[in-house]
Colleague: 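Mind looking over this structure? Questions follow.
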There are 2 protein chains.
Amino acid sequence: MTDARLSLVFSALADPTRRDIVARLAAGDATVNELAEPYDVTVQAVSKHIKVLEDAGLVSRSRDAQRRPCHLEAEVFDLMTKWIERYRREAEDRFRRLDALLEQMDEQPATDTPTKEAS
Amino acid sequence: MTDARLSLVFSALADPTRRDIVARLAAGDATVNELAEPYDVTVQAVSKHIKVLEDAGLVSRSRDAQRRPCHLEAEVFDLMTKWIERYRREAEDRFRRLDALLEQMDEQPATDTPTKEAS
DNA sequence: TCCATGTTCAACCGGTTGGTTAAATACCCT
DNA sequence: AGGGTATTTAACCAACCGGTTGAACATGGA
């Protein structure tokens with residue numbers, strides 16, 4: 001269930017323009033036009049980008065007359081961080097174990113221990 | 001310079017199969033065939049996925065006879081974590097400031113402070 | 001040397017994506 | 001009601017993506 005969400009989030013952030021939009025929203029809410037101003041693409045293109053961010057749950061929007069101010073939803077970052085940290089930790093643990101193994105092999109070398117045994 | 005790299009990493013992880021491959025590599029190195037086994041796509045498709053992960057710097061490969069064992073490069077996660085944490089922190093700080101502002105407004109209300117002044 | 005195994009390359013296909021322009025919608029103001 | 005501003009929708013296009021099949025390449029073993 002979270003998996004599809006994670007795909008949306010990662011693919012939303014895969015685009016540099018969208019990452020820049022997120023970066024700017026981190027400094028404060030902004031409207032579509034304000035967000036579009038620095039880029040040399042049409043405002044429609046930026047509107048699409050924002051929709052992608054919104055669908056990923058990274059951005060929410062309210063209404064202020066004609067304007068639709070965009071707001072960064074920071075909680076989503078937790079989802080990513082959790083995913084990342086989990087596998088980083090696993091990989092690091094594995095690295096530590098390998099390190100320990102190498103040390104051990106250094107002490108009592110070449111007992112011809114079978115290392116792999118695939119089903 | 002890091003920006004293009006970040007795009008590669010995020011878009012690599014936007015695919016659920018590739019995320020699963022990363023998850024499995026976190027538990028230990030594996031060959032292309034081993035990695036391909038659980039999925040119902042061809043080994044060529046998995047080979048492509050691995051290439052994407054490799055281009056993003058998430059995976060490195062050595063050689064063992066015909067086999068090309070894949071190894072998870074955990075350092076790349078730091079790049080992501082740094083990017084994510086930075087903006088999450090900014091957004092949280094902003095949230096805290098807003099909170100403080102609201103409290104302050106509660107104490108001495110309606111001084112008609114101009115809030116916005118663009119350009 | 002020949003063959004089996006593991007992996008990649010090439011060409012192709014349908015769906016998605018990021019962009020465009022043009023038109024529609026939503027809201028405020030007079 | 002009518003006009004101006006902000007934004008979205010629709011239709012289209014070229015490029016990219018994830019998948020396929022079929023052929024090629026790389027390596028170790030009989």
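Protein chains get the first letters and strands the later ones, always in sequence-line order, with residue 1 at the start of each.
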Colleague: For D:dG19 and B:His49 - does any side-chain N or O of the residue sit under 4.0 Å from the phosphate oxygens OP1/OP2?
Modeller: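 Yes.
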Colleague: Taking A:Arg61 first and then A:Asp29, would you say they form a salt bridge - that is, a charged N and a carboxylate O separated by under 4.0 Å?
Modeller: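 Salt bridge absent between A:Arg61 and A:Asp29.
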Colleague: Side chain of B:Arg61 only, heavy atoms from C-beta on: which candidate in C:dT7, C:dC28, D:dT20 is closest?
Modeller: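 Shortest atom-to-atom distance from the side chain points to C:dT7.
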Colleague: Specify the separation, in whole Å, of atom CD of B:Glu34 and atom C1' of C:dT7.
Modeller: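 My rounded result for the distance is 13 Å.
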Colleague: Starting at atom NZ of A:Lys48, determine the distance to atom C1' of D:dT9, rounded to an integer number of angstrom.
Modeller: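 For the pair A:Lys48 NZ and D:dT9 C1', the rounded distance is 10 Å.
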Colleague: For D:dT20 and B:Thr42 - does any side-chain N or O of the residue sit under 4.0 Å from the phosphate oxygens OP1/OP2?
Modeller: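 It does, given that an N or O in the side chain of B:Thr42 lies less than 4.0 Å from OP1 or OP2 of D:dT20.
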Colleague: Round to the nearest Å and state the distance from B:Tyr39 atom OH to D:dG18 atom C1'.
Modeller: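 Computing the B:Tyr39:OH to D:dG18:C1' distance gives 15 Å.
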Colleague: Can you tell me whether the side chain of B:Gln44 and the base of D:dG18 have a donor-acceptor pair closer than 3.5 Å?
Modeller: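 In this structure, the two groups form no donor-acceptor pair.
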Colleague: Would B:Arg19 and A:Tyr87 satisfy side-chain contact (heavy atoms from CB on, under 4.5 Å), going step by step from the backbone distance to the final call?
Modeller: CA-CA 10 Å; B:Arg19 276 200 307 280; A:Tyr87 297 117; over 6 Å; no
Colleague: Without decimals, in angstroms, what is the distance between B:Arg63 CZ and C:dT5 C1'?
Modeller: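 Value for this atom pair: 12 Å.
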Colleague: Under 4.0 Å between a side-chain N or O of A:Asn33 and OP1 or OP2 of D:dT7?
Modeller: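 A:Asn33 to D:dT7 OP1/OP2: side-chain N or O found under 4.0 Å.
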Colleague: Using distance alone, with no hydrogens and no angle criterion, decide if A:Arg88 and B:Thr81 have a side-chain donor and acceptor under 3.5 Å apart.
Modeller: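 No, B:Thr81 and A:Arg88 have no side-chain donor paired with an acceptor closer than 3.5 Å.
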Colleague: How many whole angstroms separate atom CZ of B:Arg67 from atom C1' of D:dC25?
Modeller: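 It works out to 16 Å between those atoms.
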Colleague: How about B:His49 and B:Ile21: do any of their side-chain heavy atoms sit closer than 4.5 Å?
Modeller: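 B:His49 reaches B:Ile21 side chain to side chain.
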Colleague: Between A:Lys51 and A:Asp55, is there a side-chain N and carboxylate O pair less than 4.0 Å apart?
Modeller: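 Result for this pair is yes, salt bridge flagged.
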Colleague: Would one find a side-chain N or O of B:Ser47 under 4.0 angstrom from OP1 or OP2 of C:dT7?
Modeller: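 False: B:Ser47 side-chain N/O out of range (4.0 Å or more) of C:dT7 OP1/OP2.
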Colleague: Nearest whole Å is fine: how far is C:dT5 P from B:Asp64 CG?
Modeller: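 Value for this atom pair: 17 Å.
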Colleague: Could you tell me how far apart A:Ile50 (CD1) and D:dT7 (P) are, to the nearest whole angstrom?
Modeller: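 It works out to 8 Å between those atoms.
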Colleague: A:Val41 or A:Ala65: which one's nearest nucleotide on DNA chain C is closer to the 5' end?
Modeller: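 Taking each residue's closest nucleotide, the earlier one in sequence belongs to A:Val41.
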Colleague: Using whole Å, what does the distance between atom P of nucleotide C:dC3 and atom CD of B:Gln66 come to?
Modeller: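 After rounding, the gap between these two atoms is 17 Å.
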Colleague: Hey, does the side chain of B:Arg68 come within less than 4.0 Å of D:dT27's phosphate (OP1/OP2), counting only N and O?
Modeller: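 Answer no for this pair, as no side-chain N or O of B:Arg68 is under 4.0 Å from OP1 or OP2.
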